[in-house]
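We use all heavy atoms of the structure for the numbers below, so side chains are in, but hydrogens, waters and symmetry mates are not. Numbered from 1 within each chain, the chains take letters A, B, ... in sequence-line order.
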Amino acid sequence: MAGELPTNAEIADRFALLGDLLEIEGAVRHRVLAYRRAAARVRSTPASVAAMAVAGRATDLPDIGATLQSKIAELTETGTIAALDAIRERVPEGLAAIAGLEGIGPKRAVALWRDLGVTDVEQLAQAVADGRLGEVSGFGPATRDRLVEQLAQRAARGADHAERIPLGRALPLAEEIAADLRAAVPGARVEVAGSLRRGRESVHDIDIVAATDRPAALQDALAANTAVERVLSRGDAAMAVATHVGVRIELAIGPPGSFGNLLQHATGSAAHNVRLRELAVRRGLSVSQHGIAGPEGTAAMADEDGVYAALGLAPIPPELREDAGEIEAAQSGPLEPLVALPDIRGELHSHTTWSDGTLGVTAMVEAARALGYGYLAISDHSRSLAMAGGLDADRVRRQWEEIDEENARRSDITVLKATEVDILADGRIDFDDELLAGFDWVTASIHSALTQDAERITRRVLAAVESPFVDTIGHPTGRMLGRRDAAPVDIGRLAEAAARTGTLLEINGQPRRLDLDSQMARRALAAGARLTIGADAHSAEALGYIRFGVLVARRAGARPDQVANTAEWPALAAARAGRLRAAGLY
DNA sequence: GCCGTTTTCGGCCCGACTGTTTTCAGTCG
C-alpha cells in the first residue's frame with residue numbers, strides 16, 4: 001500500500017473483520033457495534049476517508065472517533081492495523097466466515113472451534129460430512145440440515161457473498177406478489193417496504209408489510225403464490241419464504257391502526273431506524289413497529305408521516321433513509337422536495353428499429369404519448385456502433401425526414417431528432433459538427449474502450465462535455481450491474497466540467513445500468529451539475545425504466561429543478577439555444 | 001468504541017422466530 005491511500009472499502013472491510021473477531025472473542029457488544037457502524041460509515045462516504053484521517057478530519061464523520069481515526073491513519077501509513085494483527089493471532093480469521101453462515105453466529109462458531117477444533121468453512125464441511133456435528137451442544141438436526149444445504153450451495157456457486165437480485169427484477173416481482181395478496185384478502189392493506197422501497201439498486205430480500213385482521217389468510221396466500229418455493233418461518237406477525245428465483249420474501253403483518261409504524265419499521269434502513277430509536281429514547285419515547293411508547297402509553301400511527309411527526313421530524317422520503325444526515329435535516333424543518341415520476345415531462349433517450357430498438361418511430365411515439373409525455377427523443381446509435389446498427393450521416397438525414405413527417409401528422413407530442421452518438425476512443429465525437437448541429441438533442445456516450453486507464457477515459461468524456469453540441473453525457477461510467485464495473489471516470493472532474501459548461505449528466509434508468517449511480521449523482525449535484533433521467537428505451541415497455549432512474553435520482557437527493565426533463569420541451573429548447581449562443585454558435 | 005436537550009462517564013434500539021431448552025439463548029432483520 002506504499003504511497004497509495006487505502007480505499008474506503010479496504011478500510012471498511014478491516015473494521016468489519018475487526019468487529020467480527022471481537023464479537024467471537026466475546027468483546028463488549030457495543031464495542032463490536034461501534035466497529036460495524038464505523039465500517040458502514042466509511043463504506044458509504046464519498047470522499048477518501050484515509051485522506052481525511054491523515055488530515056485529522058475523519059472524526060468529522062459520525063461514528064468515527066479519535067481511536068478509529070488513528071487506526072485509519074495507521075493503516076494508511078504502515079499498511080496494517082496492529083490491533084487487527086493481534087486479534088488474528090488469538091482468533092482464527094476463518095471463524096468470521098463460519099459465524100456469517102445463516103443460522104450460525106458468533107456463539108455457535110466458538111462452540112465449533114472449542115469442541116471440534118474447526119477454524120474455517122472447509123473444516124466445518126468436513127466435520128459435517130464426518131457426522132461430528134452431533135458432538136457439539138446447540139447443534140440439533142434442524143441446524144445440521146440447514147448447514148448441509150448452505151454448504152452445498154456454497155460449493156456450487158463459489159464462496160462469495162450471498163446472491164443479490166437487481167432492482168429491475170425484484171421490484172416488479174414484489175409488486176406482483178403484493179397485488180396477489182391484496183386480491184386474496186380483500187380489504188387488506190399491502191405495501192412493498194424494505195430496501196426496495198428505498199430504491200436500492202439491488203436487494204437480497206423483498207420486504208412486504210400488510211394490515212389486516214385476517215393475518216392467517218394473508219400468510220396462506222403468500223405460501224400458495226406460484227413464485228414461492230417454500231416457507232422458511234412463520235409466526236403470528238412475521239413470515240419468511242424462499243422464492244424460485246432465489247430471493248427471500250419477508251411478510252410482516254399488523255393491525256390497521258399501526259400500519260404507519262409497521263411500514264416505517266419495515267422500510268428501514270436498519271441504521272436509519274436505530275438512529276431514530278436512539279433519538280426517541282433521548283425524549284423518553286420508545287419506537288417499535290407497534291407504535292411509539294411514552295409515559296402516557298403507546299400511540300399508534302396509521303400513516304408514516306405521523307411517526308416522524310411524533311418525534312418532532314419532518315417527513316423523510318424512503319429513498320433518503322440511510323442515516324446519511326437525513327434525520328438531522330428533518331429536525332430543522334421540511335426537506336426539499338425530491339423529483340418524482342409525475343414530474344417527468346418527456347423522454348430524452350430512446351431507440352428504434354433504425355438502430356437496435358424493437359419498434360419503429362411511430363410505435364415508440366405512441367407509447368410515449370400514452371405515458372403523457374410532451375416529447376420523445378429518438379436517439380439511435382451512431383455509425384461506429386456497428387454492432388447496434390448505428391446510423392451514418394445519410395441514414396440520419398433519412399430518419400429526420402421520417403421524424404418531420406411524424407411531427408407534421410400530430411400535435412399531441414413533439415418528436416425530437418436526437419442521437420446517442422459515440423464518444424470514440426480518442427475523445428472525438430462520432431459525427432462531425434455540421435451534422436451534430438442539425439439535431440434537436442445530442443446524447444454522447446462511451447460504448448467501447450472501457451478499459452482505458454482513469455486519466456485517458458476521463459479526458460475522453462471531458463472532451464465530450466466541452467463540445468457545445470453535446471447536451472447530455474449518456475450512462476457516464478458504462479457500468480453493467482453484475483457484468484462490468486464502472487469505467488474509472490473521475491466523477492469529480494466530470495461534474496465540475498459539466499457544471500461549468502451546462503452539459504447534463506444522465507441517470508440511465510435501465511435496470512442493468514443505473515448509471516450514474518446515486519452516490520455519483522449526489523456528487524454531481526453537489527458540484528452544481530444538472531441531470532437528465534433517461535429510460536434508454538429499446539421497446540415500449542422499456543420506457544417504464546424511467547421509474548428506476550427516478551429512484552436513483554431521489555436517492556441522490558435531486559430536486560425537480562435539477563433534472564432537465566422535468567421541463568416541457570419549449571423551455572428545454574430555449575435553455576439549449578442559450579447554451580449554444582454562449583458558445584458562440586448561432 | 002462513540003457520544004452528549006442524562007455532556008467527559010455511563011449509557012448505548014426493538015422485536016420476531018427457531019430450535020433446543022426445560023424457560024430461553026441465539027440469530028436475524
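B/dA25 atom P lies 14 Å from atom CZ of A/Arg29, rounded to whole Å. Spacing between atom CD1 of A/Ile87 and atom P of B/dG1 amounts to 10 Å, rounded to whole angstrom units. The nearest whole Å value for the distance from the NE2 atom in A/His265 to the P atom in B/dG15 is 9 Å. Spacing between atom CG of A/Leu232 and atom P of B/dT18 amounts to 10 Å, rounded to whole angstrom units. Atom C1' of nucleotide B/dC2 and atom CZ of A/Arg37 are separated by 8 Å, given to the nearest angstrom.
At the heavy-atom level, A/Arg282 lies under 4.0 Å from the strands shown only through sugar-phosphate atoms. When heavy atoms are screened at a 4.0 angstrom cut-off, A/Asn273 is found touching no nucleic acid atom at all. Using a 4.0 Å heavy-atom cutoff across all strands shown, A/Ala270 reaches no nucleic acid atom at all. A/Val287 comes within contact range of the sugar-phosphate backbone alone, with a heavy-atom separation under 4.0 Å but no base atom that close. Residue contacts shown for A/Leu33 are absent, as no nucleic acid heavy atom lies under 4.0 Å away. A/Arg283 comes within 4.0 angstrom of no nucleic acid atom, judged by non-hydrogen atoms across all strands. A/Ile104 comes within 4.0 angstrom of the backbone, heavy atoms only, and of no base. In this structure, A/Leu101 reaches the sugar-phosphate backbone alone: every heavy-atom distance under 4.0 Å involves primed, P, OP1 or OP2 atoms, never a base. Within 4.0 Å (heavy atoms only), A/Arg248 reaches sugar-phosphate atoms of the nucleic acid but no base atom. A/Ser137 comes within 4.0 angstrom of nothing in the nucleic acid, heavy atoms only.
The distance from the OG1 atom of A/Thr226 to the CD atom of A/Glu229 is 13.0 Å, given to the nearest 0.5 Å. The distance from atom CZ of A/Arg14 to atom NZ of A/Lys71, rounded to the nearest 0.5 Å, is 14.0 Å.
Taking every side-chain heavy atom of A/Thr67 into account, B/dG1 is the closest of B/dC13, B/dC17, B/dG1. Taking only side-chain atoms of A/Glu250, from C-beta outward, the nucleotide of B/dC12, B/dA16, B/dG29 with the closest atom is B/dG29. Comparing B/dG29, B/dT27, B/dC3 by their closest approach to the side chain of A/Lys107 singles out B/dT27. Closest to the side chain of A/Lys71, from the set B/dG29, B/dG1, B/dC13, is B/dG1. In this structure, of B/dG1, B/dG29, B/dC17, it is B/dC17 that holds the atom nearest to the side chain of A/Ala237.
Between A/Ser288 and B/dC13 there is no side-chain N or O to OP1 or OP2 distance below 4.0 Å. A close approach under 4.0 Å does occur between a side-chain nitrogen or oxygen of A/His290 and OP1 or OP2 of B/dA16. Taking 4.0 angstrom as the limit, A/Thr143 places a side-chain polar atom (N or O) nearer than this to OP1 or OP2 of B/dT20. Considering only side-chain N and O atoms, A/Arg277 lies nowhere under 4.0 angstrom from the phosphate OP1 or OP2 of B/dC13.
Nucleotides B/dG11 and B/dT6 are separated by 14 Å at their P atoms, to the nearest Å. If you take atom C1' in B/dT22 and the same atom in B/dT18, they sit 16 Å apart, rounded to whole Å.
Between A/Tyr308 and A/His272, the two ring planes are tilted [angle within 30° to 60°].
For the residue pair A/Ser269/A/Asp323, the side-chain donor-acceptor check at 3.5 Å is not satisfied. Side-chain contact of A/Arg200 with A/Ser195: a donor-acceptor pair under 3.5 Å is absent, judged by distance alone. Between A/Gln123 and A/Thr119, the side chains place a donor N or O and an acceptor N or O closer than 3.5 Å (distance only, hydrogens not considered).
When atom types are taken as modelled, the side chain of A/Asn508 and the backbone of A/Asp515 share no donor-acceptor pair closer than 3.5 angstrom.
Across every strand in view, B/dT8 sits unpaired, with no contact that passes the Watson-Crick or G-U test at under 3.5 angstrom.
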